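Following: one structure in structure tokens, then a few remarks.
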There are 2 protein chains.
Amino acid sequence: MTATATREETGHEAPSARQQAVLDAVLALLVEEGDQLTMDAVARRASCSKETLYKWFGDRDGLLTATVRWQASRVHAGRDAGGPLDAETLRERLLDFAVSWLDVIAGRTSVVLNRIAIAHAGSRKGNLGAIVLANGRLAIGARVKPVLEAGRAAGLLAFDDGETAFRTFFGLVGRDIQIRLLLGDALELDAAEIRRDAARAVDQFLALYGQARP
Amino acid sequence: MTATATREETGHEAPSARQQAVLDAVLALLVEEGDQLTMDAVARRASCSKETLYKWFGDRDGLLTATVRWQASRVHAGRDAGGPLDAETLRERLLDFAVSWLDVIAGRTSVVLNRIAIAHAGSRKGNLGAIVLANGRLAIGARVKPVLEAGRAAGLLAFDDGETAFRTFFGLVGRDIQIRLLLGDALELDAAEIRRDAARAVDQFLALYGQARP
DNA sequence: CCAGTACCGTACCGTACGGTACGCCGCTTC
DNA sequence: GAAGCGGCGTACCGTACGGTACGGTACTGG
């Protein structure tokens with residue numbers, strides 16, 4: 001249930017190679033220039049005409065939406081290896097989620113796209129925020145919760161509500177990082193620090209919800 | 001160029017009553033209309049002339065900055081009652097922080113202002129994000145950390161780094177709430193749910209960092 | 001009563017940017 | 001090689017909005 005399911009869910013056909021190049025140009029511009037993205041700049045950067053842009057994507061919002069979807073499509077989930085769950089595997093799986101989630105939100109692209117989506121949610125007609133939410137917070141939730149449930153089934157975790165447990169995990173991992181980055185804090189995380197943060201979050205989560213196998 | 005004008009440029013002087021009314025008009029407009037705030041709309045709403053707006057606040061950014069500062073000035077800290085700290089008092093203080101923090105970030109005004117600041121941080125020249133950060137995340141941190149330190153001094157908490165401990169607290173309280181609201185999620189919290197959330201966060205924090213008094 | 005100040009209302013200017021029109025080129029197809 | 005087409009480059013249009021100018025009004029001090 002990877003690429004196929006995703007496409008079916010969104011109901012949007014994948015962009016052609018040329019269109020992908022355009023969307024990559026948009027991403028590059030967003031990362032480099034901040035969010036004052038103009039259609040002229042996109043056309044220049046992507047070496048295409050504005051008319052083509054409008055033909056392909058409808059309007060500016062359509063281009064932004066396609067860009068967000070495009071970026072989301074490449075941050076596809078990690079392995080969802082099923083199988084028996086012991087304490088060590090559970091910890092590894094959670095650590096994996098925590099690391100990849102921190103990698104994503106600390107990335108320049110994610111920050112810029114979230115900024116766009118948030119600004120968009122401020123004005124009316126914004127489904128852009130919903131898209132980012134669906135591919136960020138909700139997607140990770142949908143992937144983590146089954147792991148938590150499996151952990152409970154294996155007697156490794158104890159909780160009443162999977163959603164609440166996940167949200168705690170989310171909070172322990174993300175803490176103040178995303179809001180600080182969105183607000184322009186210079187905070188930067190290297191791979192080592194991300195690993196450390198993720199490990200701490202997992203430890204704390206297991207301290208709260210873990211239980212020795214009976 | 002008078003002394004008054006200079007102080008206005010720096011934006012550090014308290015606004016007059018009339019100016020406060022203008023800033024309240026900006027806040028109302030932001031809450032009602034989303035973030036497509038125009039100087040014309042502000043002037044109309046506040047029954048003042050655009051020329052006066054520019055005279056008082058310099059430019060659009062100055063108006064926004066003054067508005068953010070104005071809002072920040074009214075979300076002034078709770079009581080910082082010193083005194084002996086027992087387990088119950090510590091829990092109360094933390095609960096207090098958690099509730100008021102959730103109250104703030106769940107508020108329409110906070111959401112809109114954060115959106116503005118985040119959008120602003122996306123373009124260059126954005127000290128607006130820094131201002132919101134200073135009056136939000138950093139302010140609450142500066143107020144909570146002494147409490148945590150006091151808790152440690154009283155033998156009620158155990159941690160190495162106060163900053164890390166606070167950030168965990170922050171994560172447990174806020175979880176995914178702020179990002180979801182910023183992205184336009186319809187999520188709404190009534191007072192009862194906020195109290196429940198805050199209590200859960202405090203319980204979890206104490207479970208992680210608390211220790212019985214020796 | 002006059003001068004000065006502070007401010008409102010409104011008309012105005014300049015520009016940036018979303019969106020459109022059009023001419024031209026290279027590619028495919030018959 | 002003519003026809004058709006997809007797409008590049010550019011010129012262009014309309015408008016929204018930031019910022020300025022200016023006339024008119026109320027109030028204060030002399």
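Predicted model, so just to flag it, every value in this text is computed and none were measured. Protein chains get the first letters and strands the later ones, always in sequence-line order, with residue 1 at the start of each.
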Q | Nearest-neighbour nucleotide for the Glu51(B) side chain, dG7(D), dC8(D), dA21(D) considered | A | dA21(D)
Q. Whole Å only: how far is the CG atom of Leu53(A) from the P atom of dT10(D)?
A. 15 Å
Would a 4.5 Å heavy-atom cut-off, applied to side chains only, mark [X] and [Y] as touching?
X: Arg93(A); Y: Arg143(A); value: no
X: Asp203(B); Y: Arg91(B); value: yes
X: Leu182(A); Y: Ile179(B); value: yes
X: Asp197(A); Y: Val173(A); value: no

Q) When we call it a touch if two heavy atoms are under 4.0 Å apart, what does Leu37(A) touch: a base, just sugar-phosphate, or nothing? A) sugar-phosphate
Q: Just call it for Ser49(A): base, sugar-phosphate, or nothing, with non-hydrogen atoms closer than 4.0 Å on any strand.
A: base
(Q) Please verify the inter-ring angle class for Tyr209(A) with Phe159(A); under 30° counts as parallel, over 60° as perpendicular, anything in between as tilted. (A) perpendicular
Q) Nucleotide range of DNA chain C contacted by chain A, 5' to 3', under 4.0 Å to a heavy atom? A) dC17(C) to dC22(C)
Q.
I need the full list of ring-ring contact (aromatic ring centres under 6.0 Å, His included) pairs touching residues 16-35 of chain A, with sequence neighbours left out, sorted by first then second residue.
A. none
